[in-house]
Amino acid sequence: MSEDKKSKIEALGLDEAMEDLKFLAQKVSDMSKDLAQKASEQAEGVTDKMGDIVESTGEALISAGETIKSTKKMFED
């Protein structure tokens with residue numbers, strides 16, 4: 001950049017404004033990373049809970065099946 005352009009930028013305070021913009025852009029980037037990490041952690045938690053629900057449902061179905069079998073056996077005897 002030429003000295004004339006540099007001095008105009010400095011005179012208008014644009015160099016400071018550009019530094020501020022760089023800082024803010026980095027801050028936004030960091031916040032985005034934090035949000036993505038938190039979303040990932042929450043998704044992991046939901047996946048674990050869904051796994052628990054599926055497991056519980058499976059156990060309930062097995063229990064119901066055993067009850068049906070034993071009831072059927074009682075009526076057959």
Side-chain angles (χ1 to χ4, degrees):
M1 190 180 302
S2 73
E3 287 300 315
D4 186 41
K5 283 186 181 179
K6 259 189 184 180
S7 64
K8 284 181 183 178
I9 287 174
E10 289 171 1
L12 292 173
L14 294 178
D15 56 334
E16 291 173 8
M18 288 183 351
E19 287 300 317
D20 288 346
L21 287 173
K22 286 180 189 176
F23 173 79
L24 290 173
Q26 185 60 51
K27 190 87 169 162
V28 168
S29 174
D30 293 345
M31 289 171 65
S32 295
K33 287 177 188 173
D34 288 345
L35 286 172
Q37 178 65 34
K38 287 177 184 174
S40 174
E41 289 168 3
Q42 287 182 354
E44 223 172 80
V46 169
T47 301
D48 291 343
K49 287 179 184 173
M50 286 304 294
D52 292 345
I53 291 169
V54 169
E55 188 176 331
S56 296
T57 303
E59 289 171 2
L61 289 173
I62 290 169
S63 178
E66 293 298 322
T67 303
I68 291 169
K69 273 190 206 175
S70 57
T71 304
K72 183 178 175 186
K73 190 173 183 178
M74 281 180 12
F75 282 107
E76 286 176 349
D77 292 343

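All of these numbers come straight from a predicted model, not from anything done at the bench.
Legend: salt bridge (charged side-chain N to carboxylate O under 4.0 Å, His left out) pairs involving residues 53-64, not counting sequence neighbours: none detected. Among residues at least two apart or in separate chains, side-chain hydrogen bond (donor to acceptor under 3.5 Å, both in side chains) pairs with a member in residues 31-41 are Gln37-Glu41.
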Acceptor/donor pairs from residues 21-31 side chains to any protein atom, 3.5 angstrom cut, sequence neighbours excluded:
residue : atom : partner : partner atom : Å
Gln26   : NE2  : Asp30   : OD1          : 2.9

Sequence neighbours excluded and cut-off under 3.5 Å, please list the side-chain donor-acceptor pairs for residues 62-71, or say none.
residue : atom : partner : partner atom : Å
Thr67   : OG1  : Ser63   : O            : 2.9
Ser70   : OG   : Glu66   : O            : 3.2
Ser70   : OG   : Thr67   : O            : 3.1
Thr71   : OG1  : Thr67   : O            : 2.8

